[in-house]
Each structure stands twice: as C-alpha cells, then as structure tokens.
Novice: 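Shown below is the structure under consideration.
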Amino acid sequence: AFPRLNPEKAEEAKLKARYPNLGHKPGGSDLLRKRLQKGQKYFDSGDYNMAKAKIKNKQLPTAAPEKTEITGDHIPTPQDLPQRKPSLVASKLAG
Amino acid sequence: MAGAGGDMQWCLSQAKGSLDDDVTEADIISTLEFNHTGELLATGDKGGRIVIFQQEIENKRQPQYRSEYNVYSTFQSHEPEFDYLKSLEIEEKINKIRWIPQKNAAHFLLSTNDKTIKLWKISERDKRPEGYNLKEEDGRYRDPSTVTSLRVPVFRPMDLMVEASPRKVFANAHTYHINSVSVNSDNETYLSADDLRINLWHLEITDRSFNIVDIKPANMEELTEVITAAEFHPHQCNTFVYSSSKGTIRMCDMRASALCDKHSKMFEEPEDPSNRSFFSEIISSISDVKFSHSGRYMMTRDYLSVKIWDLNMESKPVETYQVHEYLRSKLCSLYENDCIFDKFECCWNGNDSMVMTGSYNNFFRMFDRDHRWDVTLEASRENSKPFQVIKPRKVCAGGKRKKDEISVDSLDFNKKILHTAWHPQDSIIVVATTNNLYIFQDKMN
C-alpha cells in the first residue's frame with residue numbers, strides 16, 4: 001500500500017526523513033537496554049578516573065543536553081550532578 | 001449495579017489534590033487501587049507516599065445516596081535509596097499497590113517501588129486503657145508509696161487513630177525494575193515481576209523467594225522483549241500471566257515445572273506483515289493486563305487499544321476497543337516527545353460488563369461490552385457542579401470540527417490519565433490525572 005494510505009507508514013516516513021540514521025530495529029536491543037537502565041546515574045569517581053585514563057588526552061564525551069539520558073559512553077562528570085531532592089512533605093491529596 | 005453504560009449518568013462527586021498549575025513532582029500519582037470491598041481506596045505517588053481514603057456513605061437507605069471518600073491514613077511507604085555499586089538512585093516512586101484480602105480487623109497491603117516490596121498493616125485504635133495504678137493518665141509514673149487503693153484498668157473509647165506500620169520488607173530480589181505485584185488467590189503467596197524476571201514469595205517469608213520466570217538472554221545483545229506486567233488468576237492459584245513489550249501474553253501453570261519459562265498458553269494477535277512499520281512493535285507493547293473478576297477473560301492495554309481475550313482462545317482477542325485511533329497519524333511526534341512509551345492501565349467494572357482506560361487531555365474512555373457502546377469523558381473541575389451529569393467529549397480526527405469537539409492537534413499530551421479504578425460493587429469510578437484524583441458517581445445508582 002502507498003504510505004499515504006496507511007497513516008502509520010506515513011508517520012514512519014516522516015520519522016525517517018527527520019532522523020535518517022535511525023536504526024532498523026526499533027523495538028530491539030538498544031531501545032530495550034535503555035529502558036532497563038532507566039534511572040539517574042550519579043557521578044562515580046571510579047568510573048570517571050578509569051574513563052579518563054582510558055581516553056588519555058582525548059575529551060570525555062560530555063553530557064547530552066537532556067541530562068537524564070544515559071547515552072553510550074557518557075560518564076557523569078561533576079558538572080552534571082543533578083539537583084538535590086526536595087525534602088519529604090505530606091501529600092496534597094490528604095490536604 | 002446499574003444497567004447499560006448508555007444509561008449511566010456520571011457526576012463528579014469529589015476532586016482531590018492541588019489546584020496549582022505547577023505540579024510538584026512528588027505529587028504525581030503513580031498508582032491507584034480499591035480494596036476488595038471498595039471501602040478503601042489507596043493511592044501511591046512519585047514521592048513514595050501512600051494516601052488511603054475510606055468510603056463514607058450518607059443516607060444509605062435512600063435510593064440516591066452519595067458516597068464520599070475521606071482520608072483514612074497517609075504514610076511514607078518508600079524513601080529514595082542509593083545503589084552504591086552501580087551509582088544509581090533508586091526512586092521512591094510507588095509503582096504498584098495491591099491489597100491483601102481481609103482476614104481480621106486490620107487491613108494489609110503490598111506496596112512496591114522499583115526494587116523493594118513492603119507489606120503494610122493499617123489498623124485502627126479506638127480505645128485505650130485507663131486507670132493504671134502506677135501511672136498517671138499522661139504516662140508519668142506515680143510514687144508507689146502514694147497508692148492507697150487498687151483499681152482495675154479499663155478500656156475507654158478514644159478518638160479514632162489509624163496507624164500504618166511496615167510488617168515485612170521483601171528486598172534484594174530484583175536486578176531490574178519491578179513493574180507488577182500480584183497476590184495469589186491462596187492468600188499465602190504473591191508474585192513480583194521486573195523487566196526480565198518474575199519471583200514468587202510467601203507473604204510471611206522475606207529472606208527468600210523463588211524465581212519462576214527468567215527471560216534474560218545469556219547475551220544481552222540478543223534481548224528482544226521485556227516483561228511489562230504480570231498477574232495471578234483470580235481463582236486458580238497455579239495460574240498466572242505475563243505480558244511483553246512485543247504484544248504477547250503468556251499464561252503459565254506452576255504445577256508444570258518449578259521454572260515457568262515454557263508457557264502453557266501464548267496469546268498473540270497475528271499481524272499483517274505488509275502493515276508493519278517502525279512503530280508497530282512499540283505500539284503493540286502491552287502496558288497492563290487484568291483478569292476479569294469471573295476469571296474467564298483477561299484484558300490487555302496497548303498504546304492505541306484495549307483487547308479482551310477469552311482464556312480458551314489464544315489466536316486472537318474476542319473484543320478490541322479503540323481508545324484513541326486518531327493518534328495513529330501522530331505517531332512520529334508521539335515518538336519524539338516520548339508519549340508513545342506512556343503506560344496506560346485499564347480496569348473492569350464489578351460485573352465485567354464494562355471496561356475503562358485513560359487517554360490524553362484528561363480524557364478517559366469507557367466501553368460497554370454487552371451493548372457495544374462507548375463514551376469519552378473528561379476529568380475536569382470546570383462545569384462540574386454536584387449532581388451535574390458530565391457531558392461526553394468528542395475528538396475530531398480531521399476535516400470539519402463540529403462545535404463542542406476538540407481537534408487532535410489541540411489535545412494536551414501532558415495531561416495523561418494513566419490510572420483509573422472502578423469500585424468492585426458500586427457505580428463509582430476514580431480517575432487520576434497527573435496529580436489530582438477525581439471521583440465520579442453514577443446518579444442513577
């Protein structure tokens with residue numbers, strides 16, 4: 001069927017036009033592994049120093065603008081420490 | 001219970017939560033669950049807190065009585081933790097609450113975050129002992145030499161106090177994030193499921209659990225699907241189901257073997273390969289699975305639809321209801337803004353004749369299975385006076401928009417209704433928006 005007759009395929013064409021490097025296995029490994037890893041990764045001096053030693057003179061991959069993403073080899077740096085969690089108060093549903 | 005869905009007239013009974021446009025993250029409601037009688041309603045939030053409401057019925061003898069849910073107990077169930085080995089934060093967000101069927105005066109529930117399940121006891125205290133010989137009423141000790149006569153302490157009524165205490169903590173059994181908890185009909189065991197494994201616990205035993213499903217591949221590069229939800233059959237204590245990110249549901253029988261990696265039934269709707277797109281697998285991912293009260297059917301929720309399966313037929317669902325089909329032509333933007341990964345839940349009414357699920361723009365959908373009727377309603381405080389029947393809403397997919405219709409492009413995708421609950425006996429429904437709770441009651445009762 002032509003893409004325009006199938007709304008889903010038309011949307012797919014749109015997405016591929018915007019992101020030509022998008023992988024061919026959408027529900028596959030990368031997506032699932034990212035899902036399994038969800039959660040804020042904090043600065044770990046062990047990881048940081050090991051990564052620095054490995055890469056030597058090269059620049060460490062810096063944080064993506066979206067700091068909650070864990071992308072590839074990104075090692076959290078002291079610069080991207082997240083904000084402190086707010087203190088625990090009573091739920092507003094009970095108010 | 002009232003008759004056909006089309007006869008129902010829903011009125012907003014109560015709305016709870018902050019009116020602030022700015023939503024505090026901790027207040028985001030993450031789970032909702034009635035207990036087995038519907039007398040208690042538990043909510044869990046991203047801040048790890050649980051609020052339990054109790055039903056109070058006014059004018060019980062009148063045909064049109066009004067129910068009100070008032071705060072019964074509120075407590076901090078989970079706190080944020082830190083996994084030092086992986087340098088990862090463990091969120092305190094309550095993923096699921098499940099009530100244990102009541103055996104005595106106290107109420108018990110299981111609540112879970114990503115890693116730890118807790119058994120909470122909620123009990124009432126409405127009397128206290130008074131008239132001690134050696135203690136004053138305020139607790140101070142009396143000098144024994146001043147005691148000239150003895151009396152027998154007695155219990156006297158006091159203002160009701162509801163106490164919540166953690167009775168058991170079931171920890172360290174999940175490497176991945178817990179998405180489901182389900183109490184067995186045997187009332188002794190329960191299962192907990194994460195992305196790749198399902199464990200069986202005994203409610204009294206916290207230091208061990210049995211792994212009953214493990215879909216982790218030897219090589220993680222070969223990972224193709226994850227577990228998205230799991231539930232025990234309501235009557236058959238040997239049977240449970242789990243759904244996957246690929247749109248399949250596997251039913252397992254614990255009598256067959258200790259490790260239930262081989263399913264006894266696999267429910268999957270065949271797909272036309274020519275229709276397959278980049279989005280097909282993502283939108284087929286099942287976000288919720290719920291057995292009917294009768295135990296004959298189960299319902300699944302994927303991104304665009306709700307499906308009812310007859311447990312005796314694995315080849316395809318017996319009923320399919322479109323929740324918001326108009327979103328099919330918006331999948332590209334929904335993928336970009338991550339909405340395509342939203343996990344909507346679904347629920348049955350008490351007699352399994354109707355099902356309900358949420359959508360965007362604070363809309364929610366109800367489907368009447370017997371009369372092939374459906375409606376879209378909105379959870380909003382506007383135009384909702386007491387006893388005023390709320391109006392159905394309609395989304396205009398394209399073309400000319402009629403008056404009172406809302407166009408797809410005007411929908412607010414930040415206003416998601418992921419959690420809904422239906423009272424097990426009465427015509428009362430509860431719908432959670434991001435941080436508010438809406439309780440609707442059928443006028444006709």
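Just so we're clear, the structure is a prediction, and the values are computed from it rather than from any experiment. Within every chain, numbering begins at 1; the chains are lettered A, B, ... in the order of the sequence lines, protein sequences first and strands thereafter.
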Novice: Leu196(B) versus chain A, heavy atoms under 4.5 Å apart: side chain, backbone, both or neither?
Specialist: side chain

Novice: What's the separation between atom CG in Leu93(A) and atom CG in Asn436(B), rounded to the nearest 0.5 Å?
Specialist: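 CG of Asn436(B) is found 7.0 Å from CG of Leu93(A).
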
Novice: Could you tell me which of Ser329(B), Ser285(B), Ser280(B), Gly17(B) has the largest number of non-hydrogen atom pairs under 4.5 Å with chain A?
Specialist: Ser329(B)

Novice: Side chain, backbone, both or neither: which part of Ser18(B) has a non-hydrogen atom closer than 4.5 Å to chain A?
Specialist: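 For Ser18(B), heavy atoms of backbone and side chain both lie under 4.5 Å from chain A.
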
Novice: What pair of heavy atoms forms the shortest contact from Ala94(A) to Val71(B), and how long is it?
Specialist: CA-CG2, 3.7 Å

Novice: Can you check side chain to side chain contact (heavy atoms under 4.5 Å, CB included) on Glu8(A) and Asn275(B), steps first, answer last?
Specialist: CA-CA 8 Å; Glu8(A) 221 174 288; Asn275(B) 276 336; over 6 Å; no

Novice: Pick one of side chain, backbone, both or neither for Ile29(B), based on which atoms fall under 4.5 Å of a heavy atom in chain A.
Specialist: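 Ile29(B) touches chain A through side-chain heavy atoms alone.
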
Novice: Return yes when atom CD of Glu68(B) has more than 12 non-hydrogen atoms of other residues, nucleotides or ligands closer than 6.0 Å, and no otherwise.
Specialist: yes

Novice: Quick one, Asn435(B) with Lys92(A), criterion side chain to side chain contact (heavy atoms under 4.5 Å, CB included). Give me CA distance, side-chain angles, the key distance, then yes/no.
Specialist: CA-CA 9 Å; Asn435(B) 63 342; Lys92(A) 297 197 183 83; over 6 Å; no

Novice: Given that the side chain runs from C-beta out, which part of Ile283(B) has a heavy atom under 4.5 Å from chain A: side chain, backbone, both or neither?
Specialist: side chain

Novice: Establish, from distance only, whether the side-chain atoms of Ser277(B) and Glu12(A) form a donor-acceptor pair under 3.5 Å.
Specialist: no

Novice: A side-chain contact here means heavy atoms from C-beta on lying under 4.5 Å apart; do Arg18(A) and Cys332(B) qualify?
Specialist: yes

Novice: Please find the pair of heavy atoms, one from Glu11(A) and one from Ser333(B), that lie closest to each other, and give the distance.
Specialist: OE1-N, 4.2 Å

Novice: What pair of heavy atoms forms the shortest contact from Ser91(A) to Asp27(B), and how long is it?
Specialist: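 Closest approach of Ser91(A) to Asp27(B), heavy atoms only: CA-OD1, 4.3 Å.
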
Novice: Side chain from CB out, backbone as N, CA, C, O: work out which of these in Phe341(B) comes under 4.5 Å of a heavy atom of chain A, or both, or neither.
Specialist: side chain

Novice: Any non-hydrogen side-chain atom of Leu36(A) less than 4.5 Å from a side-chain atom of Leu223(B)?
Specialist: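 Yes; the side chains approach each other to less than 4.5 Å.
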
Novice: Between Glu336(B) and chain A, with a heavy-atom cut-off of 4.5 Å, which part of the residue counts as in contact: side chain, backbone, both or neither?
Specialist: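 For Glu336(B), the contact with chain A is made by the side chain alone.
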
Novice: Considering only heavy atoms, which portion of Thr43(B) lies under 4.5 Å from any heavy atom of chain A: side chain, backbone, both, or neither?
Specialist: side chain

Novice: What's the separation between atom CZ in Arg328(B) and atom CG in Asn6(A), rounded to the nearest 0.5 Å?
Specialist: 8.0 Å

